[in-house]
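Notes to accompany the following structure.
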2 protein chains.
Amino acid sequence: MSKLDPTHLGILRLLQEDARMTHKELARRLRKSVSPIFERVKWLEQNGYIKGYTALVDLQKSSNSIISYTHIQMNDHSEEALSAFQREVVLFDDVRECYYITGNFDFILKIVSPDMKGYNDFLRGQLSKLPNVGSVQSFLVLSEEKRDTTYKI
Amino acid sequence: MSKLDPTHLGILRLLQEDARMTHKELARRLRKSVSPIFERVKWLEQNGYIKGYTALVDLQKSSNSIISYTHIQMNDHSEEALSAFQREVVLFDDVRECYYITGNFDFILKIVSPDMKGYNDFLRGQLSKLPNVGSVQSFLVLSEEKRDTTYKI
DNA sequence: CTACATTCAGCAAATTTTTCTGTTTTGACT
DNA sequence: AGTCAAAACAGAAAAATTTGCTGAATGTAG
């Protein structure tokens, strides 16, 4: 049983589309007045349904960074080893996303580095220094064909 | 030669951190007055440096969706076949991200489906129907350890 | 039926957005 | 260096939004 009514869901959908939409516009589209929308947005923020707001920046226009998806296979699958790896790897600045997954590999990392040298330094100087890292397989992103960060809810 | 000066970069960094930051606060942090900040934000939007603003929603709290990273290997690597695949696959609603990559595989897709049945339907009813799709390898996301959509610029 | 809690619309003050004006700075060219 | 034009800037003011408050409507439990 979800605590979210249609108005809550509508707010989440619309703010995913445009995080800078005004409360007045939200109210108009959801057929409510401004104050209940205002209270609900505050509630969604404070209760963790909205984790933040971000501008989507065109990385290729704004920098020379390179993106890589990197798969990690551990050579120790104990809970301690996995937790220790997670705890450390998410602290690296180049690691933008980290998922624990099913299948042959254990983790998928999205790595963003300033350039190829930076990426090399990260792999050899930081990632491979972590304990119990077995095989590492890198897929460099040649082109981003779609990136839509909104979720259907 | 970049057309972005330190103020532009500062705006991009701060709006990635918090897309709802007011122009007044941006101005305070970047030691400018409000009007040049206002003009620059408009410029960054109109020239495509800012592609949009989005609220980051906690998917697990707000729905039962499942996330998968799926790798695609094509069995025809001609430019026509690759382009045709790209053009079609990005239209699917479940495909949230699509990258063309180096290595054994050709594409990485981030798939978000309402549930396991929806995911199955997508794989067998939509994805595998596209021409020239060779091997498909799926990694289901068991837990999201980090997801930071900001870029260091 | 009454008391209580929740949600809401409407209002008003505080704040922000947006436009405008005139000044300063920058950069290119003599 | 000196001059000019273009760009960037600060400040002010009007328009719009945010934010807090009040009381009415609705639903619920006693």
Side-chain angles (χ1 to χ4, degrees), chain A residues 1-64 148-153, chain B residues 1-64 148-153:
Chain A
M1 172 179 58
S2 177
K3 308 175 85 135
L4 300 179
D5 65 22
T7 304
H8 285 126
L9 294 175
I11 291 172
L12 292 179
R13 289 194 194 99
L14 291 169
L15 286 182
Q16 280 191 110
E17 295 285 330
D18 178 9
R20 295 193 67 124
M21 187 177 290
T22 64
H23 294 160
K24 191 181 181 184
E25 178 66 11
L26 285 171
R28 192 185 67 75
R29 298 216 200 178
L30 299 171
R31 293 159 200 286
K32 288 270 156 68
S33 68
V34 173
S35 27
I37 297 296
F38 177 78
E39 296 295 337
R40 280 157 180 272
V41 171
K42 206 163 58 179
W43 184 87
L44 288 166
E45 289 169 356
Q46 290 173 347
N47 290 86
Y49 292 92
I50 296 174
K51 293 193 281 188
Y53 303 96
T54 188
L56 300 170
V57 170
D58 189 322
L59 186 63
Q60 297 184 10
K61 288 185 78 156
S62 309
S63 84
N64 301 312
D148 187 334
T149 59
T150 67
Y151 288 135
K152 220 182 344 170
I153 52 176
Chain B
M1 172 179 59
S2 178
K3 308 175 84 139
L4 300 178
D5 65 22
T7 305
H8 284 126
L9 294 175
I11 291 172
L12 292 179
R13 290 194 192 99
L14 290 168
L15 286 181
Q16 281 191 108
E17 295 284 330
D18 177 9
R20 295 193 67 123
M21 186 177 292
T22 65
H23 293 160
K24 190 181 181 183
E25 177 66 10
L26 285 172
R28 193 185 66 76
R29 297 215 201 179
L30 298 172
R31 293 161 199 286
K32 288 269 157 71
S33 67
V34 174
S35 30
I37 297 296
F38 178 80
E39 295 296 336
R40 279 159 179 271
V41 170
K42 206 163 57 177
W43 184 86
L44 288 167
E45 289 170 356
Q46 290 173 347
N47 291 87
Y49 292 92
I50 295 174
K51 293 192 281 188
Y53 303 96
T54 187
L56 300 170
V57 171
D58 190 322
L59 185 63
Q60 298 184 5
K61 288 186 78 157
S62 308
S63 84
N64 302 311
D148 187 334
T149 59
T150 67
Y151 289 135
K152 220 181 347 168
I153 52 176

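A, B, ... follow the sequence lines: proteins, then strands. Residue 1 opens every chain.
Just one residue in the list Glu45(B), Arg20(B), Gln16(B) forms a side-chain hydrogen bond (donor to acceptor under 3.5 Å, both in side chains) with Tyr53(B), and that residue is Glu45(B).
Between Leu26(B) atom CG and dT18(C) atom P the separation is 13 Å, expressed in whole Å. The nearest whole Å value for the distance from the NZ atom in Lys24(A) to the P atom in dG10(C) is 13 Å. Spacing between atom NZ of Lys3(A) and atom P of dT6(C) amounts to 12 Å, rounded to whole angstrom units. Distance NE2 (His23(A)) to P (dC11(C)): 21 Å, rounded to an integer number of Å. One interatomic measurement links the two molecules: CG of Asp5(A) to P of dG27(D), which rounds to 15 Å at whole-angstrom precision. Regarding Glu25(A), its CD atom lies at a distance of 18 Å from the C1' atom of dT16(C), rounded to whole Å. Atom C1' of nucleotide dT18(D) and atom CE of Met21(B) are separated by 17 Å, given to the nearest angstrom.
In this pair, His23(A) and Phe38(A) present their aromatic rings perpendicular. The plane angle is above 60°, beyond the 30 to 60° band.
Remark on DNA chain D: of its neighbouring residues Arg20(B) and His8(B), the 5'-side contact belongs to His8(B), judged by nearest-heavy-atom nucleotide.
With salt bridges taken as basic N to acidic carboxylate O contacts below 4.0 Å, one links Arg29(B) and Glu25(B).
Contact between Ser62(B) and Leu12(A) at its shortest, heavy atoms only, is OG-CD1, 4.0 Å. Summarising the geometry of Lys51(B) relative to Asp58(A), their closest heavy-atom pair is CE-CA, 3.9 Å, with the distance given to 0.1 Å.
The stretch residues 29-58 of chain A comes close to DNA chain D through Val34(A), Phe38(A), Lys42(A), each having a heavy atom under 4.0 Å from the strand.
Rounding to the nearest 0.5 angstrom, the gap separating the CG atom in Leu14(A) from the OG1 atom in Thr150(A) is 11.5 Å.
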